[in-house]
Amino acid sequence: MSGAGAGFDRLARPYRALEFLAFGRDLERARFAHLGRLASSRDILLLGEGDGRCAARLAAIAPLARILCVDSSPAMIRRASARIAPSDAPRVTFLCADARSIAPGPGAFDAVATLFFLDCLDAAGAAELISRVGHGLRPGATWLFADFVLPPRGAARLRARAWLAVLYAFFRVAAGLRVSELPPSEEILLREGWRRESCADFQGGLVRSAAYTRVAPTAAPGASA
């Protein structure tokens, strides 16, 4: 749950420490798990980038890529930009904006990453963003997803529900987050024609990292058959 609004400004400095205190390095492992798939990408969109750990790692992994990082928290962007190596800085652009407003033109990007960002949206908001951003991606594009998820059953599901209640309550107070439950992000991706190619779970199934490939892009809004 990173960088969903200017309310995250006050969390920019302690965010990494709080994350490690709660989950150790598992959220970071989830962010980094599939970045290698973008090594040959040329234009990458990072939505809700947060404190820049992913952007810095990705800039090194994908040396030819232009990377656009969108986050609505000025403080997060300051911390993120400071992580970028001077040699990589010309290729990495930071945009302070609501990621929900981003509407890339057709073929603008060959990869997108939403890493602990979609959990800050409600179901309708996640569906609208996934559809709109999808129209700006090239055929064969990759979508990297990392987020909290609900295991299907048993003690793991009960544990996840307890953690999610705590997390949403914390971010509601600390950052003004308005949503209180996970959107069905992976179901939406599948519905939009994305296929999951690889998946890794952490924290007993509470955290998932996955790579999706675009196999059946939907028609742009207003397009005729």
Enquirer: Run the numbers on Val207 and Leu27 for side-chain contact (heavy atoms from CB on, under 4.5 Å), then give the verdict.
Expert: CA-CA 7 Å; Val207 174; Leu27 301 196; 3.6 Å; yes
Enquirer: Is any side-chain heavy atom of Trp194 less than 4.5 Å from a side-chain heavy atom of Thr213?
Expert: no
Enquirer: Please step through side-chain contact (heavy atoms from CB on, under 4.5 Å) for the pair Phe94 and Ile84, ending with a clear verdict.
Expert: CA-CA 11 Å; Phe94 290 91; Ile84 305 301; 3.8 Å; yes
Enquirer: Take Asp110 and Arg138 through the salt bridge (Lys or Arg N to Asp or Glu O under 4.0 Å) test and state the conclusion after the steps.
Expert: CA-CA 5 Å; Asp110 56 13; Arg138 298 165 196 160; 3.4 Å; yes
Enquirer: Show the numbers, then the answer: is there a side chain to side chain donor-acceptor pair (under 3.5 Å) between Trp143 and Thr114?
Expert: CA-CA 8 Å; Trp143 192 305; Thr114 51; 2.9 Å; yes
Enquirer: Please list, chain by chain and in numerical order, all residues satisfying side chain to side chain donor-acceptor pair (under 3.5 Å) with Arg208, sequence neighbours excluded.
Expert: Glu186, Asp201
Enquirer: Could you tell me if the ring centre of Phe116 sits under 6.0 Å from that of Phe145?
Expert: no
Enquirer: Taking the basic N atoms (NZ, or NE/NH1/NH2) and the acidic carboxylate oxygens, is any pair closer than 4.0 Å for Asp43 and Arg66?
Expert: yes
Enquirer: Checking Phe109 now: which residues fulfil ring-ring contact (aromatic ring centres under 6.0 Å, His included) with it, not counting sequence neighbours?
Expert: none
Enquirer: Side chains of Ile130 and Leu118, heavy atoms from C-beta outward: is any pair under 4.5 Å?
Expert: yes
Enquirer: Are the side chains of Thr142 and Ser41 in contact, using a 4.5 Å heavy-atom criterion?
Expert: no
Enquirer: Same cluster or not: Phe20 versus Phe8, using hydrophobic residues (I, L, V, M, F, W, Y) connected whenever any side-chain heavy atoms lie under 4.5 Å apart?
Expert: no
Enquirer: Is a donor on one side and an acceptor on the other found under 3.5 Å between the side chain of Asp147 and the backbone of Asp119?
Expert: yes
Enquirer: Determine, step by step, whether Leu58 and Leu38 satisfy the side-chain contact (heavy atoms from CB on, under 4.5 Å) criterion, reporting the C-alpha distance in whole Å, the side-chain angles of both residues, the deciding distance to 0.1 Å, and the verdict.
Expert: CA-CA 8 Å; Leu58 188 55; Leu38 306 188; 3.9 Å; yes
Enquirer: Partners of Arg16 by salt bridge (Lys or Arg N to Asp or Glu O under 4.0 Å), sequence neighbours excluded?
Expert: Glu28
Enquirer: Classify the angle between the aromatic ring planes of Phe171 and Tyr15 as parallel (below 30°), tilted (30 to 60°) or perpendicular (above 60°).
Expert: tilted
Enquirer: May I ask whether Leu206 and Leu158 are part of the same hydrophobic cluster, defined by side-chain heavy atoms of I, L, V, M, F, W, Y residues being less than 4.5 angstrom apart, directly or through others?
Expert: no
Enquirer: Restricting to pairs with a member in residues 172-183, which pass side chain to side chain donor-acceptor pair (under 3.5 Å), not counting sequence neighbours?
Expert: none
Enquirer: Would you call Arg31 and Glu49 a salt bridge, using N to O less than 4.0 angstrom?
Expert: no
Enquirer: Name all residues meeting the salt bridge (Lys or Arg N to Asp or Glu O under 4.0 Å) criterion together with Glu187; count only those two or more places apart in sequence or in a different chain, and write none if there are none.
Expert: none
Enquirer: Can you tell me which residue pairs pass the salt bridge (charged side-chain N to carboxylate O under 4.0 Å, His left out) test with a partner in residues 125-134, sequence neighbours excluded?
Expert: Glu128-Arg132
